[in-house]
Participant: 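Okay, handing you the structure first.
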Amino acid sequence: MDKEAFAGVVLSSTDSLYRISKSILKYDADCEDAVQEAIATGFGKLNTLKQEAYARTWLTRILIHECYSLLKKREKSAAIWTEPEEEACSSADYADLYEALSALKKEYRLTIVLYYLEGYSIEEIARIMHVPAGTVKSRLSRGRRNLRCIMESEHCEEEDYENEL
């Protein structure tokens, strides 16, 4: 893949990449940093992309790794870092959805975002997350059930949906 084709993939995926990072990270600034780092890393390792057809999936996987890397860095510096006050969601229309999604376990949250918001197939999600397709299906089912419970404000078992960051 040449640099121009990669730039086209990046431009067409920017919103998607941001939404995926938002499903993992809490703050907009962290999301922006993760997306920027993923693009830079992808550009630097462009020669390792084996099939151009999977460029978007490949870039998404890089982004997910970058998001988890930022979370690990945050945990290491937790003793000296005080988190800023919670930012307002960049899109007020989806504030309730993002709030409900943030209450889910990270594997459910990421799977739901990739499938429903970004349109990845079950097989693509399995490749991105390095899990079997059956695991993706069960995470979607459990995630939907827990999300519905959270959105309806019903009493749910805490271990089903608590956030494991």
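Nothing fancy with the numbering, it's 1 onward along the sequence.
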Participant: Sequence neighbours left out, what passes side-chain contact (heavy atoms from CB on, under 4.5 Å) with Ala5? Give chain and number order.
Facilitator: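 Ala5 satisfies side-chain contact (heavy atoms from CB on, under 4.5 Å) with Met1, Asp2 only.
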
Participant: So, for Ile64 and Leu114, which heavy atoms are closest and what is the spacing to 0.1 Å?
Facilitator: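 That closest heavy-atom pairing would be CD1-CD1, 4.4 Å.
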
Participant: Please assess Tyr116 against Arg144 for the test side-chain hydrogen bond (donor to acceptor under 3.5 Å, both in side chains), listing each intermediate value before the final yes or no.
Facilitator: CA-CA 10 Å; Tyr116 289 107; Arg144 279 191 306 264; 2.7 Å; yes

Participant: Do you know which two heavy atoms are closest between Cys67 and Leu25, and how far apart they sit?
Facilitator: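 Closest approach of Cys67 to Leu25: O-CD2, 3.6 Å.
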
Participant: Name every donor-acceptor pair, under 3.5 Å, that has one atom in a side chain of residues 122-132 and the other anywhere in the protein, sequence neighbours excluded.
Facilitator:
{"unit_1": "Glu124", "atom_1": "OE1", "unit_2": "Ser121", "atom_2": "N", "d": "2.8"}
{"unit_1": "Glu124", "atom_1": "OE1", "unit_2": "Ser121", "atom_2": "OG", "d": "3.4"}
{"unit_1": "His130", "atom_1": "NE2", "unit_2": "Arg61", "atom_2": "NE", "d": "3.4"}

Participant: Hey, mind stepping through Phe6 and Leu59 against side-chain contact (heavy atoms from CB on, under 4.5 Å) and telling me if it holds?
Facilitator: CA-CA 10 Å; Phe6 180 71; Leu59 187 58; 4.3 Å; yes

Participant: Among all residues two or more places apart in sequence or in another chain, which pass the side chain to side chain donor-acceptor pair (under 3.5 Å) test with Arg19?
Facilitator: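 Residues passing side chain to side chain donor-acceptor pair (under 3.5 Å) with Arg19: Glu118.
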
Participant: Looking at Tyr68, is Lys73 sitting on its ring face, NZ or CZ under 6.0 Å from the six-membered ring centre and within 45 degrees of the normal?
Facilitator: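 Output no; distance or angle outside limits.
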
Participant: Identify every side-chain donor-acceptor pair in residues 35-42 under 3.5 Å, counting partners at least two apart or on other chains, and give the distances.
Facilitator:
{"unit_1": "Thr41", "atom_1": "OG1", "unit_2": "Glu37", "atom_2": "O", "d": "2.8"}

Participant: Atom CG of Asp15 and atom CG of Leu117: how far apart are they, to the nearest 0.5 Å?
Facilitator: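 Between atom CG of Asp15 and atom CG of Leu117 there are 12.0 Å.
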
Participant: side-chain contact (heavy atoms from CB on, under 4.5 Å) for Leu101 and Ser23? Distances and angles first, verdict last.
Facilitator: CA-CA 7 Å; Leu101 281 171; Ser23 73; 5.7 Å; no

Participant: Is it the case that over 12 heavy atoms from other parts of the model lie below 6.0 angstrom from the CZ atom of Phe43?
Facilitator: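 No, because the 6.0 Å sphere around CZ of Phe43 holds 12 heavy atoms or fewer from other groups.
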
Participant: Scan for side-chain hydrogen bond (donor to acceptor under 3.5 Å, both in side chains) pairs involving residues 42-60, sequence neighbours excluded, and state none if there are none.
Facilitator: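 Counting only pairs at least two positions apart or across chains, the side-chain hydrogen bond (donor to acceptor under 3.5 Å, both in side chains) contacts touching residues 42-60 are Ser16-Arg56, Thr60-Tyr120.
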
